[in-house]
Amino acid sequence: MTAMSTPKGAALVTGGARRIGAAMARALAQSGYDIALHYLASAESAERTAAEIEELGRRCRLFRCDLDDHPEMTDLIPSVRKHFSHLNVLINNASVFERGTLAGTGRDLFERHFNVNFKAPFFLTQAFAEGCAQGQIINILDTRVSRSDPHHAAYTLSKKALLDLTRMAARELGPAIRVNGVSPGMILPPPGGVMDELERRSAGLPLKRTGNTANLVAAVLFLLDNPFVTGECIYVDGGEHL
Ligand SMILES: NC(=O)c1ccc[n+]([C@@H]2O[C@H](COP(=O)([O-])OP(=O)(O)OC[C@H]3O[C@@H](n4cnc5c(N)ncnc54)[C@H](OP(=O)(O)O)[C@@H]3O)[C@@H](O)[C@H]2O)c1
């Protein structure tokens, strides 16, 4: 354990227990933020990530919440602020990603995607702006916002709506709050998927390779550290959006 220095603030990372969310939470801790680590089902991974963050000398507290449940979701920011009154960063990372064409998307699949990927970031943004005098929001989008993916209709549309929210919120919430987005491409296969398949598909990208969580983290830290950028969306996708 390293000695605690004064934190830069506190960051709420949704879906922060594992994978990309955990990498961002660790990087934010490394750069000086205390971490409010949100999770739903991955309790063990959340405990592990929290221990790693505390090893870095930062405070970390876990917040379990189903973002598909409106009353639970609206409690999240107030609960975080009770423990971290210095909350000044919100990373909307938690997401649902399921296949479904337009014809194959029923109401449940549609609502799950829009509730978790769009409605939760919308109301978390509202609550963050109400409670925090100053701060920053980063929305984790997807390179698919630049095109249409007919096999992930609800997912793609929910992320496109989140991109629009990013720009709308940046206009409305400045100068106190900056709002930006990062659009990943081929970083990690879906849970249970294999990296080989991503590597094979990445041959078709301008940069002919997959990315990694460090590439995403670098974009998030750039946006947090640059006080003249708001409403921006950085593609970290090897050129896939082109
Ligand atoms: N993986 C990629 O290469 C890639 C590519 C493009 C975009 N992205 C975007 O990058 C972000 C992170 O990607 P990822 O692959 O690491 O995501 P992921 O593993 O698919 O999901 C992240 C977390 O979302 C949480 N979550 C799902 N439903 C929830 C709900 N109802 N309530 C609360 N939390 C819920 C889960 O938390 P628990 O595990 O605790 O349940 C999960 O660990 C996402 O926004 C994704 O759309 C990723």
Side-chain angles (χ1 to χ4, degrees), residues 12-27 36-50 62-77 79-80 90-99 108-109 111-121 123-124 137-147 149 151-152 154-163 165-166 181-195 197-199 201-202 205 209-217 219-220 233-238 240-241:
L12 167 59
V13 181
T14 69
R18 60 201 186 97
R19 293 168 53 84
I20 288 171
M24 290 192 291
R26 283 190 296 265
L37 196 79
H38 159 268
Y39 72 101
L40 176 60
S42 301
E44 271 181 33
S45 302
E47 297 279 359
R48 243 189 333 267
T49 305
L62 301 183
F63 295 86
R64 186 184 179 282
C65 162
D66 184 355
L67 297 174
D68 196 7
D69 177 316
H70 191 75
E72 251 185 57
M73 181 266 287
T74 51
D75 253 11
L76 180 59
I77 296 265
S79 312
V80 170
L90 165 63
I91 312 279
N92 283 309
N93 164 76
S95 150
V96 176
F97 176 64
E98 292 171 38
R99 287 182 78 84
D108 282 355
L109 190 131
E111 287 186 348
R112 202 161 47 250
H113 279 84
F114 270 79
N115 286 349
V116 176
N117 300 0
F118 176 66
K119 186 174 162 193
F123 285 102
L124 293 177
I137 301 173
I138 310 265
N139 292 323
I140 308 303
L141 306 161
D142 190 300
T143 186
R144 289 173 176 84
V145 297
S146 64
R147 61 174 198 270
D149 173 357
H151 302 293
H152 297 92
Y155 173 82
T156 303
L157 290 169
S158 68
K159 291 287 186 177
K160 286 182 185 231
L162 185 57
L163 171 61
L165 171 66
T166 304
V182 173
S183 289
M186 296 182 201
I187 304 286
L188 293 178
V194 286
M195 202 64 203
E197 165 63 9
L198 270 199
E199 272 158 13
R201 285 178 34 220
S202 71
L205 302 180
R209 47 159 290 197
T210 56
N212 55 45
T213 55
N215 302 141
L216 280 185
V217 160
V220 169
C233 161
I234 301 184
Y235 289 92
V236 182
D237 67 349
E240 187 173 348
H241 65 288

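Whatever order the structure lists them in is the order used to number ligands and atoms, beginning at 1.
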Minimum heavy-atom distance between H113 and S158, given as atom pair plus value: O-CB, 3.8 Å

Any donor-acceptor pair under 3.5 Å from K160 side chain to R147 backbone: yes

Whether D68 side chain and V116 backbone form a donor-acceptor pair below 3.5 Å: no

For ligand 1, the residues whose heavy atoms come within less than 4.0 Å (ordered by chain, then number): G15, R18, R19, I20, H38, Y39, L40, A41, S42, C65, D66, L67, D68, N93, A94, S95, V96, V116, I140, L141, D142, Y155, K159, P184, G185, I187, L188

Partner of C233 by side chain to side chain contact (heavy atoms under 4.5 Å, CB included), out of N139, L141, L162: L141

Plane angle bin for F97 and Y155 - parallel if under 30°, tilted between 30 and 60°, otherwise perpendicular: perpendicular

Check ion pair D142-K159 (N to O, under 4.0 angstrom): no

